[in-house]
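Taking it in order: structure first as structure tokens, then the write-up.
Being a predicted model, the structure only gives us computed values, none of them experimental. Lettering follows sequence order; numbering is per chain, from 1.
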There are 2 protein chains.
Amino acid sequence: MVEQPKKRSRRGRTPAAAGRTSRPRQAEVARLAGVSQATVSLVLSDKTQGSAISDETRQRVLDAARSLGYVPDPAAQRLAAARNNLLGVFSFTATFPTDVQHSYYPFLVGVEQEAAARGYDLVLFTGSSSGGAGASRPDALSRVRLADGCLFLGRHAPVAELKRMVADGFPVVHLGRRDELEGLPWVGADYVSASGEVVGHLAALGHRRIVLVREDDDAPASTDRQQGFLEGLEAARLPGGPEAVFRSADPEGDLTPERLRHWLAEGVTAFVAEETDTGAAWHALCRAVDAAGLTCPDDLSLALLGSPPGDLVASPQATGFDIPRPELGAAAVRLLAARVAGEEADEPLVACVFRPGTTTGRPPEQR
Amino acid sequence: MVEQPKKRSRRGRTPAAAGRTSRPRQAEVARLAGVSQATVSLVLSDKTQGSAISDETRQRVLDAARSLGYVPDPAAQRLAAARNNLLGVFSFTATFPTDVQHSYYPFLVGVEQEAAARGYDLVLFTGSSSGGAGASRPDALSRVRLADGCLFLGRHAPVAELKRMVADGFPVVHLGRRDELEGLPWVGADYVSASGEVVGHLAALGHRRIVLVREDDDAPASTDRQQGFLEGLEAARLPGGPEAVFRSADPEGDLTPERLRHWLAEGVTAFVAEETDTGAAWHALCRAVDAAGLTCPDDLSLALLGSPPGDLVASPQATGFDIPRPELGAAAVRLLAARVAGEEADEPLVACVFRPGTTTGRPPEQR
DNA sequence: ACGCATTACTGATACGCATAAACGACGTGC
DNA sequence: GCACGTCGTTTATGCGTATCAGTAATGCGT
């Protein structure tokens with residue numbers, strides 16, 4: 001027998017990667033333990049079903065692996081297993097914007113946790129940011145297929161591309177309601193119930209006439225809130241109808257102190273505003289109250305169907321509800337993981353959390 | 001010739017992964033373009049050297065790839081070529097913690113940008129969080145080898161595992177100074193200079209006795225600040241020595257108003273606190289000043305060697321310095337990219353930015 | 001003593017890609 | 001007209017692991 005000093009270097013790896021003192025392979029463990037590579041794989045993957053391994057062999061392999069400091073190569077494992085335990089996260093704005101308040105950050109908190117808990121790692125794809133490799137090219141989206149499935153955030157997901165992925169059977173989940181695209185799974189928050197609950201709270205305090213201030217936008221998030229608002233009125237046997245909703249394309253301009261006083265004179269004692277990304281409705285409401293020289297909750301009650309805009313978080317805490325964003329993120333990951341696993345799972349709407357706040361009280365005449 | 005309906009299913013894939021209309025392989029692109037798989041690989045890897053490909057073929061392949069939505073499998077790439085344009089980001093705490101202020105988030109802003117600019121995608125590996133799959137197992141770290149290289153954040157990186165990666169030649173960079181591990185490349189902020197600069201600022205205002213309040217922790221970030229503080233005193237020819245440093249395991253308990261008055265009586269006119277993740281030193285200092293009924297900067301000057309904790313950002317802006325976290329993140333990516341490319345590059349310390357703030361002024365007797 | 005399970009393991013192969021080597025077709029020089 | 005180079009492409013092979021299909025070796029019933 002002749003010594004074979006053949007090392008492992010037949011291939012012209014890039015000079016860059018040269019010199020790597022490569023770590024041990026299963027084959028080396030096998031040699032040391034006096035078994036075959038397949039046996040090493042069996043022992044280390046700890047598959048009890050199917051093939052049996054004698055305790056003695058198992059121990060020899062384990063010892064050999066330990067003494068060599070064997071660590072499996074994840075790339076090879078994933079290749080062989082035909083999946084890579086990667087979930088994509090695609091947002092159409094920078095994933096890490098400088099302004100944390102209005103970013104997707106809170107969602108990611110939950111996404112990360114749930115993904116980690118399920119043994120997935122996250123690949124971040126950024127739609128807009130960067131000018132680097134393959135950033136804004138039309139095929140930027142196809143890059144996500146490198147993951148086992150992908151989560152989409154943001155309103156501006158290109159429908160065509162998404163539809164294609166769905167059609168291809170690529171597991172995809174959208175964070176936020178998305179009904180217009182048939183077959184696109186999504187998770188969303190239960191704005192309807194939460195809005196109804198806020199109305200219920202006001203009704204319980206004694207308010208009999210309540211007005212919803214909303215913007216002129218038919219996003220699902222807006223219509224859901226209005227629906228919940230109206231249902232809440234109905235449940236409390238309060239007057240609903242068109243005059244209970246003030247819809248304006250420019251609330252900050254239209255919601256004058258005069259108008260506010262007019263409502264009060266008519267017996268309206270409470271107002272609720274929808275939450276939008278600009279927070280215009282809530283801003284307008286607060287400003288009008290201020291301008292009219294009124295104080296809240298003494299003269300009237302205010303509630304916000306969502307979380308306050310970044311610049312108003314510090315002001316008196318608004319009564320309303322919080323969207324459990326981390327929980328939403330987690331729910332999205334659960335759904336995505338299920339689809340990656342080939343299940344047809346469905347996630348229910350995520351419930352919002354009522355926030356008592358300090359902007360509501362009994363109506364003036366009852367104080 | 002007989003039709004061969006052999007599909008791709010000879011292997012007993014886990015039932016879980018069944019049903020997937022699996023994404024296209026190079027082989028399928030090749031078939032569509034009427035060329036061999038190798039040609040597809042050549043075209044897509046855009047290797048201009050060595051083999052030449054006719055423009056016509058190249059175009060056919062590119063078209064086919066696009067129409068099928070082909071995306072390379074990172075695991076296979078990594079296995080075959082030892083690279084896949086993926087950079088890992090490994091943190092030993094959740095990467096997206098609930099408390100944004102003291103998270104790694106600001107670093108990631110820079111990391112993401114720089115990575116995108118260089119054509120890398122990011123894979124987030126989460127070390128500690130979760131209790132789920134393979135979280136705290138000893139080989140949890142080995143997953144990162146799926147990427148071309150990995151960035152590590154956090155103080156608690158397991159030395160043994162890191163050492164091993166370094167020894168194996170796996171490109172690794174630590175964000176934050178890490179001297180104790182021979183050969184571990186890192187990027188860090190120049191706390192020494194920045195701290196010295198803050199002391200210089202105080203000295204220039206006329207302060208002659210300055211005390212550093214720090215916690216009982218020997219992290220590099222702490223010792224650097226102390227060193228800079230002492231060097232700053234020396235440069236200003238002010239008294240240094242042990243009594244210039246107040247070190248306490250529980251600053252909030254130990255830093256009593258009495259102690260504060262005692263210092264003032266002894267002629268101390270300014271205090272600087274180190275920044276830590278808890279912000280305990282700064283909290284304690286602010287509280288003691290408050291409790292002693294003193295006002296700042298009238299009765300004494302305060303400075304913070306870093307950024308204020310999240311709950312105190314709104315209070316009077318602290319004199320001190322800001323750590324350019326995004327820039328640090330970007331620098332780390334640059335270093336990592338260089339190492340992935342096999343270069344022995346080195347990134348200099350990143351300079352911190354002096355923040356004038358409003359908590360310092362001339363000492364009382366000079367006002 | 002023979003068939004037939006069962007146990008304990010090995011050999012071979014595929015995962016998807018990159019790359020060295022081989023190859024045919026086509027000039028080009030002499 | 002023949003060796004030789006060049007171009008464009010294909011063939012063959014390996015990366016490290018998981019798994020399936022075998023194959024000896026042993027046990028067991030009849």
Side-chain angles (χ1 to χ4, degrees), chain A residues 6-14 17 20 22-31 33-61 65 68 70-84 145-146, chain B residues 6-15 17 20 22-31 33-61 65 70-85 142 145-146:
Chain A
K6 74 169 160 184
K7 289 292 182 193
R8 25 189 327 278
S9 61
R10 98 242 111 347
R11 249 208 306 158
R13 316 189 148 238
T14 57
R20 297 258 289 260
S22 87
R23 56 216 168 83
R25 318 284 145 192
Q26 283 188 350
E28 284 144 62
V29 175
R31 209 176 310 139
V35 296
S36 72
Q37 174 267 323
T39 303
V40 173
S41 176
L42 286 176
V43 169
L44 294 179
S45 63
D46 210 21
K47 284 271 192 299
T48 43
Q49 53 161 320
S51 10
I53 303 279
S54 73
D55 281 351
E56 195 233 319
T57 301
R58 170 187 309 280
Q59 203 50 53
R60 272 218 317 284
V61 170
L68 287 180
Y70 170 78
V71 173
D73 180 332
Q77 282 185 306
R78 289 171 180 196
L79 183 57
R83 44 181 306 183
N84 50 33
R145 298 181 108 111
L146 136 180
Chain B
K6 72 170 162 184
K7 291 292 182 192
R8 27 193 324 280
S9 61
R10 95 244 107 349
R11 255 216 294 164
R13 315 183 149 240
T14 58
R20 286 262 296 271
S22 83
R23 38 183 247 260
R25 319 283 148 194
Q26 283 189 349
E28 284 144 59
V29 175
R31 209 175 312 140
V35 298
S36 72
Q37 173 265 322
T39 303
V40 174
S41 176
L42 287 174
V43 169
L44 295 180
S45 62
D46 209 24
K47 284 274 191 298
T48 43
Q49 53 162 317
S51 2
I53 303 278
S54 72
D55 280 350
E56 196 234 319
T57 301
R58 169 187 310 281
Q59 203 50 55
R60 271 216 320 283
V61 170
Y70 169 79
V71 164
D73 179 327
Q77 280 186 307
R78 174 113 184 92
L79 190 57
R83 46 195 251 109
N84 58 13
N85 271 5
S142 72
R145 302 185 106 115
L146 175 67

Out of [options], which has the shortest distance to the side chain of [X]?
X: A:Ala38; options: C:dT10, D:dT17, D:dG8; result: C:dT10
X: B:Ala80; options: D:dC15, D:dT10, D:dT9; result: D:dC15
X: B:Asp73; options: C:dC17, C:dC9, C:dG11; result: C:dC17

Once you build an axis from the first five pairs and another from the last five of the helix from C:dA1-D:dT30 to C:dC30-D:dG1, how far apart in angle are they, to 10 degrees?
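Terminal axis comparison yields 60°.
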
Which residue lies toward the 5' end of DNA chain C, B:Ala76 or A:Ser54, if each is placed at its nearest nucleotide?
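Taking each residue's closest nucleotide, the earlier one in sequence belongs to A:Ser54.
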
Reading DNA chain C from 5' onward, which residue's closest nucleotide shows up sooner: B:Thr39 or A:Arg60?
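Counting from the 5' end, the first nearest nucleotide belongs to A:Arg60.
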
Listed by chain and number, what are the side chain to side chain donor-acceptor pair (under 3.5 Å) partners of B:Ser41, not counting sequence neighbours?
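Once residues adjacent in sequence are excluded, B:Ser41 has no partner under the side chain to side chain donor-acceptor pair (under 3.5 Å) criterion.
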
With B:Gln37 via side chain to side chain donor-acceptor pair (under 3.5 Å) - residues at least two apart
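Partners of B:Gln37 by the side chain to side chain donor-acceptor pair (under 3.5 Å) criterion, ordered by chain and then number, come out as B:Gln26.
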
Under 3.5 Å, is there an N or O donor on one side and an acceptor on the other linking the side chain of A:Gln26 and the base of D:dA18?
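No, no donor-acceptor pair under 3.5 Å.
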
Between the base of C:dA8 and the side chain of A:Glu56, is there a donor and acceptor pair under 3.5 angstrom?
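Such a pair does not exist between side chain and base.
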
With B:Ala76 via side chain to side chain contact (heavy atoms under 4.5 Å, CB included) - residues at least two apart
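Partners of B:Ala76 under the side chain to side chain contact (heavy atoms under 4.5 Å, CB included) test: A:Leu79, B:Asp73.
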
With a 3.5 Å distance limit and no angle check, can you tell me whether B:Arg23 reaches the backbone of A:Arg145 through a side-chain donor-acceptor pair?
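Answer holds: yes.
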
